[in-house]
Amino acid sequence: MYNLDDVKTFKCLCCGECCQNFLSDEYRGKKIGEFAERNPFIMNPFIINLSDIYLPFFDWEVDDFLQELKKINSTRKIVPIKVSFDLKSERTIVHKYTLDGQNCPFFSNNKCNIYEKRPIVCKQFPCMHDLSGLIAGQETKLYENTGCKFERENELKHDLLKNNRDKGKLSGSEIISFFKKRYGDSLFYNLEGAAYGIRSNTFLINLEKEGKIKLARKGYNLKYLLKKIDNSEAIGFSKLYEEITGNPRKSIYDMDSTKSYFSKY
Ligand code: SF4
Ligand code: SF4
């Protein structure tokens with residue numbers, strides 16, 4: 001049986017590796033310019049990956065990060081990475097953006113110079129495993145390489161965790177306790193990211209059922225679609241959410257509820 005006392009709690013070594021080489025297993029090998037593989041929990045057959053993912057942002061984070069770049073006279077670009085296309089309004093819906101290229105310009109002297117304003121992905125790091133299944137009581141996908149030096153030096157013992165889980169020796173709540181001990185708040189950012197994916201995609205699917213949008217899906221001529229995306233107006237998902245519901249754009253990202261729900265484990 002896996003003992004919770006054996007789980008070593010993450011402690012940042014301030015090495016900066018994660019700020020200089022963003023490509024962890026989670027992001028490596030994504031198909032570019034194609035529809036995402038269907039993930040049963042995230043329901044994503046209408047999402048296209050447009051470029052490699054380096055430092056990903058939710059759409060409402062982009063303006064603040066651009067402001068920070070401006071302050072240091074950086075010409076680095078932020079580009080869309082995960083998009084859907086609404087055939088009805090001919091608009092591109094952007095789910096996520098990324099800083100283009102490796103290396104974050106804000107890491108120097110062994111620290112993040114915008115620590116209080118760092119993006120959510122940096123708050124989530126290094127808990128980058130695909131834990132969306134935890135929410136649905138299903139498989140979790142653990143990555144060997146999260147791109148973190150501490151993780152490398154203090155193995156998670158994936159096999160042990162996996163074997164215990166597969167043999168039914170670990171309950172869902174024990175698995176969550178395991179990750180909570182390992183990652184603390186990073187876990188909650190991970191889980192809210194997964195819950196947000198489910199919530200935002202469900203929102204789009206419901207809009208489609210109501211006839212308000214029509215999403216291009218797998219099977220649509222991709223070459224033609226990518227041209228359309230290039231030449232269309234783009235709207236961030238949360239902006240679309242605000243436009244349609246009248247609710248503040250960030251209200252669909254609900255970290256407080258996720259934290260309070262999973263804190264009980
Ligand atoms: S914003 Fe800060 S924590 Fe995030 S990648 Fe850049 S330097 Fe690292
Ligand atoms: S790679 Fe891991 S240990 Fe190093 S700075 Fe990033 S989070 Fe901290």
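Order of listing sets the numbers, starting from 1, for every ligand and every atom in it. Values below: all heavy atoms of this structure, side chains included; hydrogens, waters and symmetry mates excluded. In what follows, residues are counted from 1 in the order of the sequence shown. Bear in mind the structure is a predicted one, so any value in this text is a computation, not a measurement.
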Who's the nearest protein heavy-atom neighbour of [atom], and how far?
atom                    : result
atom 1 (S) of ligand 1  : P119 CD, 3.7 Å
atom 4 (Fe) of ligand 1 : C122 SG, 2.3 Å
atom 3 (S) of ligand 2  : L13 N, 3.2 Å
atom 8 (Fe) of ligand 2 : C12 SG, 2.4 Å
atom 2 (Fe) of ligand 2 : C148 SG, 2.4 Å
atom 6 (Fe) of ligand 1 : C104 SG, 2.3 Å

- Test: K96 cationic atom under 6.0 Å from F58 six-membered ring centre, within 45° of axis: yes

- Query: Can you tell me if C19 has an N, O or S atom under 2.8 Å away from atom 8 (Fe) of ligand 1?
  - Reply: yes

- Query: So, for F65 and F106, is the gap between ring centers shorter than 6.0 Å?
  - Reply: yes

- Message: Using ring centroids (six-membered ring only for Trp), state whether F262 and F188 fall under 6.0 Å.
- Response: no

- Kindly confirm whether atom 4 (Fe) of ligand 2 is within less than 2.8 Å of some N/O/S atom in C15? yes

- Taking the side chain from R199 and the backbone from I252, do they hold a donor-acceptor pair closer than 3.5 Å? yes

- Do K88 side-chain atoms and G211 backbone N/O form a donor-acceptor pair below 3.5 Å? yes

- Message: Checking contacts here: is it the side chain or the backbone of F10 that comes within 4.0 Å of ligand 2, counting heavy atoms only? Could be both or neither.
- Response: side chain

Regarding [X] and [Y], does a basic nitrogen lie under 4.0 Å from an acidic carboxylate oxygen?
X    : Y    : value
E153 : K8   : no
E208 : K214 : no
E17  : R152 : yes
R76  : D100 : yes

- Item | F107 neighbourhood, listing ligand 1 atoms whose heavy-atom distance to it stays under 4.0 Å | 7 (S)

Atoms of ligand 2, numbered as shown, that sit under 4.0 Å from any heavy atom of [X]:
X    : answer
G16  : 4 (Fe), 5 (S)
K149 : 1 (S), 2 (Fe)
C18  : 1 (S), 5 (S), 6 (Fe), 7 (S)

